[in-house]
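Reading through the structure tokens given below for one structure.
Only heavy atoms go into these numbers, but all of them, side chains included; no hydrogens, no water, no symmetry mates. What you are looking at is a predicted structure, and each value in this text was computed from that prediction instead of being measured. Counting from 1, the numbers follow the sequence of the chain as shown.
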Amino acid sequence: MEIERWERSEEISDAEKKVIQEIWSRVYANCEDVGVSILIRFFVNFPSAKQYFSQFKHMEDPLEMERSLQLRKHARRVMGAINTVVENLNDSEKVSSVLALVGKAHALKHKVEPIYFKKLTGVMLEVIAEEYPSEFTPEAHGAWTKMKTLIYTHVTAAYKEVGWAQ
């Protein structure tokens, strides 16, 4: 699985890290609600992703999803993992190890196709941009695009490491 040029993780500058962390502090203050919004949009836009979730794979109604305790719990876990990455942007080893754990668990235990991480991080950017439009400047968008790519490349590297075969 060769990484396309645009999928390679670009270095995130110190200024970009600061922008990511500032926006994230606002996002994470509403962690569960934003996380639920991200997951609902993800499942509405990519319904095939629900196949990996026995508790809510048959839910079609976004309101039903919003009320699901299992979906809320998963949203908190996703947001917690992203929070750990954001908090440790200056520690590349910590970022790598956190995302490797996420990647390996999703490859080996949950058998999730890695493309869903690209889709999920794209939805994450859409929701953050909509929820925080005044902060999501073109510079912020560029920084968050690098963050999205960092997450995807590290997670898929873990898939490759465990011998994931599509």
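- Annotation: side chain of His154 is not in contact with side chain of Val98 (no heavy-atom distance under 4.5 Å).
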For this session: Kindly indicate, with the supporting measurements, whether the criterion ring-ring contact (aromatic ring centres under 6.0 Å, His included) is fulfilled by His74 and Phe56.
Result: CA-CA 11 Å; His74 193 68; Phe56 44 87; 7.1 Å; no
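- Between Ser96 atom OG and Asn88 atom CG the span is 11.0 Å, to the nearest 0.5 Å.
- Atoms CE and CE, from Met65 and Met59 in turn, are 8.0 Å apart once rounded to the nearest 0.5 Å.
- Within the 4.5 Å cutoff, no side-chain heavy atoms of Ile82 are placed close to those of Tyr28.
- In terms of heavy-atom proximity, Tyr159 sits nearest to Glu113 at OH-C, 4.3 Å.
- For the pair Ile151/Lys148, no side-chain contact is recorded, criterion being any heavy-atom separation below 4.5 Å from C-beta on.
- Considering all non-hydrogen atoms of both residues, Ala143 and Ile20 come closest at O-CD1, 3.4 Å.
- Of the possible donor and acceptor atoms, one in the side chain of Thr84 sits under 3.5 Å from a partner among the backbone N and O of Gly80.
- Side-chain atoms of Lys50 never come within 3.5 Å of backbone atoms of His58 as a donor-acceptor pair (strictly under, hydrogens ignored).
- Rounding to the nearest 0.5 angstrom, the gap separating the CG atom in Asn90 from the NZ atom in Lys18 is 12.5 Å.
- What you find for Glu66 and Arg72 is that their closest heavy atoms are O-NE, 3.0 Å.
- Between Thr156 and Pro114, the shortest heavy-atom distance links the atoms CG2-CB, 3.8 Å.
- Under a hydrophobic clustering in which Ile, Leu, Val, Met, Phe, Trp and Tyr are joined whenever their side-chain heavy atoms come within less than 4.5 Å, directly or via other members, Leu101 and Leu89 fall into different clusters.
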For this session: Apply the test side-chain contact (heavy atoms from CB on, under 4.5 Å) to residues Leu69 and Lys73: give CA-CA distance (whole Å), side-chain angles for both, the deciding distance (0.1 Å), then the verdict.
Result: CA-CA 6 Å; Leu69 294 177; Lys73 183 178 175 185; over 6 Å; no
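- Ile115 and Val123 fall within a single hydrophobic cluster, where Ile, Leu, Val, Met, Phe, Trp and Tyr are joined by side-chain heavy atoms under 4.5 Å apart, directly or via other members.
- Between Met124 and Leu120, every side-chain heavy-atom pair lies at or beyond the 4.5 Å cut-off.
- Between Tyr132 and Asn30, the closest side-chain pair of non-hydrogen atoms falls below 4.5 Å.
- Contact between Gly35 and Ala75 at its shortest, heavy atoms only, is C-CB, 3.5 Å.
- The shortest side-chain heavy-atom distance between Ser48 and Tyr116 falls under the 4.5 Å cut-off.
- Between atom CD of residue Glu16 and atom NZ of residue Lys146 there is a gap of 3.5 Å, rounded to the nearest 0.5 Å.
- Checked by atom type and distance alone, the side chain of Gln51 never pairs as donor or acceptor with a backbone atom of Lys57 at under 3.5 Å.
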Exercise. Val19 and Glu139: side-chain contact (heavy atoms from CB on, under 4.5 Å), yes or no, with the steps?
Worked result: CA-CA 8 Å; Val19 167; Glu139 294 79 19; 5.7 Å; no
Problem set entry | Evaluation steps, side-chain contact (heavy atoms from CB on, under 4.5 Å), between Lys119 and Asn45 | CA-CA 9 Å; Lys119 294 174 180 183; Asn45 291 354; over 6 Å; no
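- When the side chains of ILVMFWY residues are joined at heavy-atom separations under 4.5 Å, either directly or via intervening members, Leu108 and Tyr52 end up in two distinct hydrophobic clusters.
- Taking 4.5 Å as the limit, some side-chain heavy atom of Val34 sits within range of a side-chain heavy atom of Met79.
- Using a 4.5 Å cut-off on side-chain heavy atoms (C-beta onward), Asn83 and Cys31 make no contact.
- Within the model, atoms CD1 of Ile23 and CD of Glu131 stand 13.0 Å from one another, a figure rounded to the nearest 0.5 Å.
- To the nearest 0.5 Å, atoms CG (Leu99) and OG1 (Thr153) are separated by 8.5 Å.
- Nearest heavy atom pair, residue Ala100 against residue Ala158, reads O-CB, 3.6 Å.
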